[in-house]
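What follows is a set of notes on a single structure, which appears directly below.
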Amino acid sequence: MREGNSVRGLTERIQEDIRGRIRQAVEKSFGLKVEPELTVPGRREFGDYSTNVAFSLAGALHVPPRKIAESIAAALEKRGSWIDAVEVAGAGFLNFKLRNGWCLEGLKEIIELGDDFGKTDFGQGRKVQVEFVSANPTGPMVVVQARAGAVGDTLANLLEWSGFDVEREFYVNDAGHQVEVLARSLEVRIRQCLGEKVDMPEDCYPGEYLIDLARRYLDERGKTVLDLPEEKRLAELRAYAVEAIRSSQEISLRHYGVEFDVWFSERTLHESGEVRAAIELLKQRGYVYEGEGALWFRSTAFGDDKDRVLIKSDGSYTYLAPDIAYHLNKYRRGFEKVIDIWGPDHHGYISRMKAAVQALGYPEDALEVLIVQMVRLVRGGETVRMSKRAGEFVTMDELLEEVGRDVARFFFLMRSCESHLDFDLDLGKLKSDENPVYYVQYAHARISSLLREAQERGIKWPCPVEPDLNLLSDESEVELAKKLVSFPEEIVNAGLAREPHRMTRYLIDTATLFHSFYTRCRILGEDPELTVARLYLSEATRVVLRNGLRLIGVSAPERM
RNA sequence: GCGCCUGUAGCUCAGCGGAUAGAGCACCUGCCUUCUAAGCAGGGAGUCGCAGGUUCGAUCCCUGCCAGGCGCACCA
């Protein structure tokens, strides 16, 4: 796995080697420097890799691409590489066929590295923060937050495995208007619990969870709080409610397999004076002005539609002010890249937040925002209505209770996060072949069972001598091995593209190739050497499936 | 009115500017005396919303329409 100081997957090393050879051949033939692109062709007969360099050179050289491709093919040095043949195809594609067995070599790395297979040092330890979920501490989390949890956690895992230094953070909005409303709502519930005839005001939170919280409060702390002056009373209730709800969110998320490194309190930004300081910094940099009794941020200087208010004419901060302070705080903690995952209702904030980051003096791409789109629950072919206003909503906990963590995470990760998602509860609940989650898990269980069976039959496993992997010559065996070996590269690419849903696709494809191999090839057969080689391939598959499932936070059962 | 997301098989969705557009479900046909049939092999099924443009090449990039969803604050 190691070459020089770098740790890369086998496929990445082979691709880099081929690209280098193409560069040399082009320089030799035409005296030009190029950065060739390599792709994996969709059709097997086109080989393992393909490049379109001839097309990109055709314009400059005024030579037909096919001629160029032929020259490159002739000049290309194959010695000392895995390249078996270079072919010119179509209008000028260069197709590379690798020697049989290149991927079998990679199986050894998989077995050797085991739980660590898939990890690379691509990111060179650069500091990245992923902030996600960040649900308001005013009530239970809803389904879209479960989606954001799956997406954020998996993205963080992908980056971590790719060699970035990743921190997962949850921003707690424990300051401002909404938590004051929360405190007042809790007070009403407490009074109601004590038999007072008070109605819940219109603008308060009507949800029933506050009734439970009111009872708990009275059990734990009694009713003396009601004798305090208003300010102290609300402060006490606010602190209590925020912490109770926040910690219940933490428990829900942990149950879902999502853990955060940092729970960052908005309140601390106010108390430390960082909000004021951030505005002061913007002012020094010339992006703040007064007008109409308010203090404005000149976000239009960085492409926003209109300037935004930081301090309202009544002297209070808008939501944007602490958010700017928060992001300044993030960069001062040394993150080179900050990835925020927001809900669909916040997309309008992207341009102003990116403007703020630049106004603070950081590059535009230091902040990336992913919008996780809405989730619509479907049951019996009908949309399940979720209305927070009416206090009726399907919570994340209810969803998990209904379909389970594995199904929820897998479903959320099957779609790209920016596409609106219909979550079919009926399909999710089906514990059968109609449910795609079990397909991948079944492959893992099947292999586990196979390895148990091998042990019972007294087959020496793990194999004391290195198996002869060249015995793996069936097409299904080679295709499976190729897929397995590309795992580290898939992780890096999915992380860089910020597309965690690629992992479910990869796992489904891998499971398909394994099932196909299993059906075509007798694994525990007559020939002991072939048996050992096939067990080796099976074990490598198990490692990849287990690691991939771990990456997306889904269990890898040994039996089903 | 402005902005964001989406539009691909009957349904739910994949598809880094490349060659004959894929998967699951549903439907049809085969395959369990042998390692897990929650599986495999095969079949039918498509005007990639519409129209232009860029390119050797566009489902992908640009523009304009059409349709669905969401958001527009000195709310949080």
Side-chain angles (χ1 to χ4, degrees), chain A residues 37 39-43 45-46 50-52 54-56 58-59 64-65 89-93 95 136 138 173 175-181 291-296 305-306 308-320 343-351 371 373-374 376 378 381 411 414-424 427 430-443 445-454 456-457 476 493 496-497 499 501-502 504-505 508-509 511-512 514-525 531 534-535 538 559-560:
Chain A
E37 279 181 30
T39 55
V40 178
R43 305 178 61 76
E45 61 263 33
F46 295 144
S50 177
T51 183
N52 60 357
F55 292 103
S56 47
F93 290 103
N95 293 336
N136 288 333
T138 52
N173 289 115
H177 177 70
Q178 57 188 341
V179 288
E180 299 309 321
V181 173
E292 299 163 61
L295 197 70
W296 295 75
D305 299 338
K306 49 180 282 200
R308 307 291 171 174
V309 170
L310 294 169
I311 301 179
K312 295 181 257 181
S313 48
D314 68 0
S316 64
Y317 292 120
T318 60
Y319 190 75
L320 182 61
D345 49 334
H346 285 78
H347 73 250
Y349 279 78
I350 296 176
S351 50
I371 296 294
Q373 284 293 345
M374 323 180 317
R376 195 166 50 183
V378 177
F411 269 48
M414 279 198 308
R415 277 82 168 178
S416 69
C417 67
E418 76 262 22
S419 85
H420 301 200
L421 165 63
D422 284 348
F423 196 118
D424 187 334
L427 180 59
L430 275 180
K431 294 230 183 320
S432 77
D433 54 340
E434 288 169 49
N435 193 328
V437 186
Y438 300 112
Y439 183 76
V440 176
Q441 292 184 318
Y442 180 66
R446 214 176 197 188
I447 298 168
S448 303
S449 162
L450 182 72
L451 297 175
R452 283 194 300 270
E453 178 66 22
E456 270 177 35
R457 294 191 187 183
S476 67
N493 289 340
L496 289 181
E499 289 180 355
H501 71 281
R502 290 192 193 184
T504 49
R505 165 67 38 183
I508 290 169
D509 290 347
T512 298
F514 177 77
H515 286 310
S516 181
F517 154 63
Y518 182 92
T519 307
R520 281 171 64 112
C521 301
R522 180 76 202 175
I523 295 165
L524 305 176
T531 294
R534 286 180 171 166
L535 276 174
S538 303
R559 300 167 199 274
M560 282 174 79

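For A/His501 and B/G15, the shortest distance from a side-chain N or O to OP1 or OP2 is below 4.0 Å. Between A/Arg308 and B/A73 there is a side-chain polar atom (N or O) within less than 4.0 angstrom of OP1 or OP2. Side-chain nitrogen and oxygen atoms of A/Thr519 include none within less than 4.0 Å of the OP1 or OP2 phosphate oxygen of B/C40. A/Ser419 has a side-chain polar atom (N or O) that falls below the 4.0 Å cut-off from OP1 or OP2 of B/A14. Residue A/Tyr439 places at least one side-chain N or O closer than 4.0 Å to OP1 or OP2 of B/C40. Taking 4.0 angstrom as the limit, A/Ser416 places a side-chain polar atom (N or O) nearer than this to OP1 or OP2 of B/A14. In this model, the phosphate group of B/A23 is not approached by any side-chain N or O of A/Thr512 to a distance below 4.0 Å at OP1 or OP2. Considering only side-chain N and O atoms, A/Lys312 lies under 4.0 angstrom from the phosphate OP1 or OP2 of B/C75.
With hydrogens and angles ignored, a donor-acceptor pair closer than 3.5 Å exists between the side chain of A/Ser313 and the base of B/C74. Contact annotation: side chain of A/Asn52 to base of B/G18, donor-acceptor pair present below 3.5 Å. Interface remark: the A/His347 side chain does form a donor-acceptor pair with the B/G3 base, using a distance-only criterion of under 3.5 Å. Checked by distance alone, A/His420 brings a side-chain donor or acceptor within 3.5 Å of a matching partner on the base of B/C5. For B/U36, its base never sits under 3.5 Å from the side chain of A/Arg559 at any donor and acceptor pair.
Across all strands shown, the partner of B/G52 is B/C62, judged by Watson-Crick or G-U wobble contacts whose two distances both fall under 3.5 Å. If you check B/U34 for Watson-Crick or wobble pairing at under 3.5 angstrom, you find it has no partner at all. Nucleotide B/C16 is matched to nothing when pairs are restricted to Watson-Crick or G-U wobble geometry with both distances under 3.5 angstrom. B/C25 and B/G10 make up a base pair, with Watson-Crick or G-U wobble contacts both under 3.5 Å. In this entry B/C2 has B/G71 as its Watson-Crick or G-U wobble partner, both defining distances falling under 3.5 Å.
In terms of modelled atom types and a separation under 3.5 Å, the side chain of A/Arg415 and the main chain of A/His420 share no donor-acceptor contact. For the pair A/Thr318 (side chain) and A/Val309 (backbone), a donor-acceptor distance under 3.5 Å is present.
A/Leu320 has its CG atom 12 Å from the P atom of B/C75, to the nearest Å. Between the CD atom of A/Gln373 and the C1' atom of B/G69 there is a distance of 8 Å, rounded to whole Å. For the pair A/Tyr438 OH and B/A38 C1', the interatomic distance rounds to 10 Å; values are reported in whole Å. Note: CZ (A/Arg502) to P (B/G15) measures 7 Å, nearest angstrom. Between A/Glu292 atom CD and B/A73 atom C1' there is a gap of 13 Å when expressed in whole angstrom units. The CG-C1' distance, from A/Asn95 to B/A19, rounds to 9 Å in whole Å. For the pair A/Ile508 CD1 and B/G22 P, the interatomic distance rounds to 17 Å; values are reported in whole Å. Regarding A/Lys306, its NZ atom lies at a distance of 4 Å from the P atom of B/C74, rounded to whole Å.
Looking at heavy-atom distances under 4.0 Å, A/Met560 makes contact with a base.
Ring to ring, A/Tyr442 and A/Tyr439 are not that close: their centroids are 6.0 angstrom or more apart.
A cation-pi arrangement is not found for A/Arg446 relative to A/Phe514, the charged atom failing to lie both closer than 6.0 Å to the ring centre and inside a 45° cone about the ring normal.
A salt bridge links A/Glu453 and A/Arg457; the closest N-O separation between the charged side-chain nitrogens and carboxylate oxygens is under 4.0 Å.
Within 6.0 Å of CD in A/Glu180 there are more than 12 heavy atoms belonging to other residues, nucleotides or ligands.
Nucleotides B/A21 and B/G46 place their C1' atoms 9 Å apart, quoted to the nearest Å. Atom name P, nucleotides B/C56 and B/C50: the rounded distance is 25 Å, in whole Å. Here the separation of B/C11 from B/G3, taken at their C1' atoms, is 31 Å to the nearest Å. B/G39 and B/U34 have their C1' atoms separated by 16 Å, with the value rounded to a whole Å. When the P atom is used for both B/A19 and B/C72, the distance is 42 Å, rounded to whole Å.
Residues A/Leu450 and A/Leu524 meet the side-chain proximity criterion, which asks for heavy atoms closer than 4.5 Å.
Under the 90° criterion around 0 for the glycosidic angle, B/C32 counts as syn.
Of the listed nucleotides (B/G15, B/A37, B/C40), B/G15 has the atom at the smallest distance from the side chain of A/Glu499.
In this structure, OG on A/Ser56 lies 8.0 Å from CD on A/Glu37, to the nearest 0.5 angstrom.
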